[in-house]
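Presented below is the structure to which this report refers.
These values consider heavy atoms only, across backbone and side chains, with no hydrogens, waters or symmetry-generated copies.
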Amino acid sequence: MIQNFKIYAYPPPETLSFDSKVESLFYSSLIHSHFITQNPEEAHLFFIPFSFHSGLSTRAVAYVVGNYRTEFIYWNRTLGADHFFLSCSGIGHGADRNVVELKKNSVQVSCFPTTAGLFIPHKDVSLPPLANVQAPVHAPASKSSSYLGYVRYNWVKESNLMERLLADPEIVVESEPSDQLTYEERLAGSKFCLFEYGPEISAIGEAMSFGCVPVVITDRPIQDLPLLDLLAWQQIAVFVGSSGGVNEIKRVLGRVVVEEYEDMRESAAVASKHFVWNDTPEPCDAFHLVMYQLWLRRHTIRYAEREWA
């Protein structure tokens, strides 16, 4: 894949900006990588450089795609199935043909978590979230934990659940930034880190790097997990519903502690290395694993020339 994968990037708009730093990192890494080719005939995939800063209407999206399909022959060969684009929150649905084909056929690369309803799991890809902190490279192979679980002040939004967590002596809830222990010390000193599925789950990679096994509280399947094609998420994170409350969460965690905690902790710490974004990409980092997911999506059915000419 490293040697053979080629991507042709369409000419970008005059002003190209993004809503998040992780998008900018991915775009910069891609454009300056050896994956980019100036010869579209040797490309496996085609990149559409939308500028989504402050939002981009579906009408504007349709206009951009329409221009590319008119000026280049490549969109019509697969109706966009060998194309991909970058949008942190995801592109909404629309009635225009260009938007319909983009949404149905092209690969969307979005931030995690993606806006509900805007991620199609069999083709779309989510970017590993950018970590604000990372465990030392030579972290201890094992650790002693002071707490069963750790919840930061904005990781769980459901008020009744948070009240029960606050009352549980085995769960440390940081209701506001603490002066006693650093965030890193909290992560390193807890067996599990509890997240309610939502925007704040983007800290999941940080927890994993410190050996704090993520516990994702959700009442529905999560389809936009980062690196979903590559990571065995059931082996590195615990998924539990909210309907059973704290008692059910603790019951599940008690079973995990007895049966598989050490394996999960080690697997989570190893997997966290794939969540690292570097200014200059390195082997097996977040950028390269996203590229590998795109590589897996390179096989498309090209329409016969008479069908699109």
Would you call the rings of [X] and [Y] parallel, tilted or perpendicular, where under 30° means parallel and over 60° means perpendicular?
X      : Y     : answer
Tyr10  : Tyr8  : perpendicular
Tyr27  : Phe18 : tilted
Trp295 : Phe5  : perpendicular
Phe84  : Phe47 : tilted

If you measure from [atom1] on [X] to [atom2] on [Y], what distance do you get to the nearest 0.5 Å?
X      : Y      : atom1 : atom2 : result
Leu227 : Ile236 : CG    : CD1   : 8.5 Å
Leu102 : Ser87  : CG    : OG    : 9.5 Å
Trp277 : Glu282 : CH2   : CD    : 13.0 Å
Arg265 : Cys212 : CZ    : SG    : 11.0 Å
Lys6   : Ile36  : NZ    : CD1   : 9.0 Å
Leu228 : Ile222 : CG    : CD1   : 10.0 Å

Can you list the residues that meet the side-chain hydrogen bond (donor to acceptor under 3.5 Å, both in side chains) rule with [X], with sequence neighbours excluded?
X      : result
Tyr197 : Asp224
Ser89  : none
Glu101 : Arg69, Trp75, Arg97
Ser110 : Thr114

Do Phe119 and Val99 belong together in a cluster built from hydrophobic side chains that touch within less than 4.5 Å?
no
Out of curiosity, does Leu86 fall in the hydrophobic cluster containing Leu118 (side-chain heavy atoms, cut-off under 4.5 Å, transitive links)?
no
Pairs touching residues 233-244 that satisfy side-chain hydrogen bond (donor to acceptor under 3.5 Å, both in side chains), sequence neighbours left out
Asp219-Ser242
Kindly indicate, with the supporting measurements, whether the criterion side-chain contact (heavy atoms from CB on, under 4.5 Å) is fulfilled by Val22 and Phe26.
CA-CA 6 Å; Val22 70; Phe26 175 79; 5.8 Å; no
Candidate pair Tyr150 and Glu174, rule side-chain contact (heavy atoms from CB on, under 4.5 Å), full reasoning:
CA-CA 8 Å; Tyr150 168 58; Glu174 187 180 351; 2.3 Å; yes
Tyr68 pairs by side-chain contact (heavy atoms from CB on, under 4.5 Å) with which of Val65, Val64, Thr70?
Val64
Does the Lys NZ or Arg CZ of Arg152 fall within the cation-pi geometry relative to Tyr183 - under 6.0 Å from the ring centre and within 45° of the axis?
yes
side-chain contact (heavy atoms from CB on, under 4.5 Å) evaluation trace for Asp96 with Thr58:
CA-CA 8 Å; Asp96 186 280; Thr58 54; over 6 Å; no
Using only atom types and a distance under 3.5 Å, with no angle test, would you say the side chain of Asp124 pairs donor to acceptor with the backbone of Ile120?
yes
Give me the atom names and distance for the closest heavy-atom approach of Gly80 to Ser106.
O-OG, 2.7 Å
Under 3.5 Å, which donor-acceptor pairs link side chains of residues 245-259 to any protein atom two or more places apart or in another chain?
residue, atom, partner, partner atom, Å
Glu248, OE1, Arg251, NE, 3.0
Glu248, OE2, Arg251, NH2, 2.8
Lys250, NZ, Asp168, OD1, 3.3
Lys250, NZ, Asp168, OD2, 3.0
Lys250, NZ, Glu170, OE1, 2.5
Arg255, NH1, Glu259, OE1, 3.4
Arg255, NH1, Glu260, OE2, 3.1

Step through the shown structure and confirm whether more than 12 heavy atoms of other residues, nucleotides or ligands are within 6.0 Å of NZ on Lys123.
yes
